[in-house]
Amino acid sequence: MHAALTVFLKEVRENLRDRRTLVNALLTGPLLAPVMFVVLINAQLHVELGKAEKPLSVPVVGAANAPNLVAALRRMGMVVEPAPRDPEAAVRSQKADVVLRIPAGYGAHWRKGETAQVELIYDSSHRDTQAQIARLRDMVDGYAKVTGAQRLLARGLSPALASPLVAANRDQATPQARGALIFSMLPYFFVLTAFLGGMYLAIDTTAGERERQSLEPLFATPVARRDILIGKLGATTAFALASLALSITAFAVAGRFVDTSRLDMVLSLGAHFAVFVMLLMLPLVVLLAALQTLVAAFARSYREAQTYLSLLMLVPLLPSVLLIVVPVKARLWMYAVPLLGQQVGIMQLERGDALGALPVAACLAGTALAALLAILVTMRVYASERLAISG
Amino acid sequence: MIEVRNLHKSFGAVKAVEDVSFCARDGEITGLLGPNGAGKTTTLRMLYTLMKPERGRVLVDGLDAAADPLGVRRALGVLPDARGLYKRLTARENIEYFGRLHCLDEGALRRRCDALMAALDMAGIAGRRAEGFSQGERVKTAIARALVHDPKNLILDEPTNGLDVMATRAMREFLFGLRAEGRCVLFSSHIMQEVVALCDRVVVIAHGRVVADAAPEALRLQAGAASLEDAFVRIISRSSACTPP
Ligand SMILES: Nc1ncnc2c1ncn2[C@@H]1O[C@H](COP(=O)(O)OP(=O)(O)OP(=O)(O)O)[C@@H](O)[C@H]1O
Ligand SMILES: [Mg+2]
């Protein structure tokens, strides 16, 4: 049996006997994110759907000034509330989302055929009221359009005269793409899971082994340090992959508990998604394992390694946040950048789009190259004299 | 056989080993005697290629450690200063792991484990996880692990450290057994009595230098002292008198 394989099997066996590693790598790590995810998404859906389905109720000031308008709004489903004493204050204090004010001069302007005015009083800094405001505005605009068209017809003119141009909406976002907006954090969850899955082994097999004074006897065996490192990296990678596979499966199951049909979106978290995510993540998992081992080898103690790795864990957050704050179009070079490539690739997969051979190849090659470099650097550190000596 | 020629090693300003030469022969027990910080551990670490000497050569059974470190380590059994076990593995699994790293086949490995555990009286702990082992149990497991591949040469860094009288005596008998098998045994110690009781040859080092290399009796005659302990103290203080502080 090859020495690297012996090291690999021993590390796997030893860590399978460690409860803390098991719970972290195979339970809380891969399952916590999907559970949180379902709860968060459902809460968000609940809020948005609640607003959309509730009848629109609006306090109206001066309803008596425009009985026809108010009657029309009622027909469109609006519930007219009694007017507050101070509409501006009511909006500012969020007692009302939006208040409709019909001025006293409304009737006079209307009868003369001039442009009459109503006021929508709202606070645009409250984002959650925007849907209500838009609905009210649509109702008022709709009433104005219909009335305008009737007036033109009454004078024997075509209503088209008054609207020489309309822009029709043809939204090309597939239902999946709308869902993917919510799911743009998913790639980060996957990277995080792989990171946490391998972290304990990376520390345990290097800084931990040195601290427990067993690295020196190991290095006194006739096994090249390179082979020892390969075995340890293999074990770290195996735990990270197991963690990731569990997480992807959990997300696929969790996806079923998100009632996306109500928002008419579809999420592609099926088998095709799982296989391609694993494929894109494979070289990244190796890269992460090598980097974790490298950091752990530099650390003077187990604790120090843990501290460094907690900081390193924040790095994969960068591309996720970047792409959410500054949404950019995915270009080929991005696929070749480790982390960024997985981020854009997985986001595309969620959207239900097929990934071309070229982006997949770029992603695999780019990250694999980085992983190879990281392994070579780690091998150099492993060959150093001070690595084995504790204290 | 282990031959050491003009070894040098320093850590920054600290000259840990300076021009150390000696020879440990087959069928003999050689003791490396010296006070704390004398450079014993550093010397032994260069023998099993954990550290590279700045100058000098190490030959194990004629193999040059610089040219063939893997070959040298294959010919050596090592009980290093750091002798941690894997706590989540049993004593037997700890030993087997090292046997597999030495590429023993499973049949030979089983026979060798059984023989070593019988010789070291480990039947009670073979199937127990190393977590919570006593000092003596730890040392036994570490020795069995060092010997699993049946090496011709043995290097032990303070093997009786932390052992009680009974365990020390058992260890002594065990080392005599290894000598009787014709092996080359090299061990370090800072305890006079131990060296007297065990060694065919004593190499005394102080401040990184060899200050005496002889049989225990010859050493005492050489120093003109009544007991070996007096000889030791005399040799050490003589060497520190001529080393600048
Ligand atoms: N890794 C290291 N880094 C820096 N200095 C070291 C290192 N290893 C040993 N030294 C120094 O080299 C000198 C010799 O140390 P060494 O451990 O070889 O002594 P020793 O004879 O084994 O002592 P002891 O009986 O206490 O085990 C000491 O001064 C020690 O401080
Ligand atoms: Mg020492």
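Lettering of chains follows the sequences in order, A, B, ..., and the numbering in each one begins at 1.
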[atom2] on [Y] to [atom1] on [X], rounded to 0.5 Å:
{"X": "D81(B)", "Y": "E216(A)", "atom1": "CG", "atom2": "CD", "value": "6.5 Å"}
{"X": "R13(A)", "Y": "R88(B)", "atom1": "CZ", "atom2": "CZ", "value": "13.0 Å"}
{"X": "Y86(B)", "Y": "E14(A)", "atom1": "OH", "atom2": "CD", "value": "7.0 Å"}
{"X": "E385(A)", "Y": "K9(B)", "atom1": "CD", "atom2": "NZ", "value": "3.5 Å"}

message: Heavy-atom count check: over 12 atoms from other residues, nucleotides or ligands less than 6.0 Å from F174(B) CZ?
response: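 Above 12, so yes.
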task: Give a yes or no on this: more than 12 heavy atoms of other residues, nucleotides or ligands lie within 6.0 Å of atom CZ of R110(B).
output: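 Open.
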- prompt: In chain order, what residues pass the side-chain contact (heavy atoms from CB on, under 4.5 Å) check against A167(B), with sequence neighbours excluded?
  reply: L163(B), D164(B)
Chain A interface, residue from [options] that has the most non-hydrogen pairs under 4.5 Å:
{"options": "L85(B), L89(B), T49(B)", "result": "L89(B)"}
{"options": "R73(B), E93(B), K52(B)", "result": "R73(B)"}
{"options": "A146(B), P80(B), A75(B)", "result": "P80(B)"}

message: If the test is side chain to side chain contact (heavy atoms under 4.5 Å, CB included), which one of T6(A), V7(A), T221(A) qualifies with R100(B)?
response: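 Only one option passes, and that is T6(A).
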What pair of heavy atoms forms the shortest contact from [X] to [Y], and how long is it?
{"X": "L101(B)", "Y": "A3(A)", "answer": "CD2-O, 4.1 Å"}
{"X": "G84(B)", "Y": "P217(A)", "answer": "O-CG, 4.4 Å"}
{"X": "P222(A)", "Y": "L70(B)", "answer": "CB-O, 3.6 Å"}

message: Which atoms of L218(A) are under 4.5 Å from chain B, going by heavy atoms: the side chain, the backbone, both sets, or neither?
response: both
field: I389(A)/R45(B) under side chain to side chain contact (heavy atoms under 4.5 Å, CB included): CA gap, chis, key distance, verdict
entry: CA-CA 10 Å; I389(A) 294 151; R45(B) 278 177 172 161; 3.9 Å; yes
query: Which answer fits R83(B), side chain, backbone, both or neither, if we ask what part of it has an atom under 4.5 Å from a heavy atom of chain A?
result: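 Backbone only.
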Among the listed options E209(A), K10(A), R212(A), the residue most often paired with chain B at heavy-atom distances under 4.5 Å: K10(A)
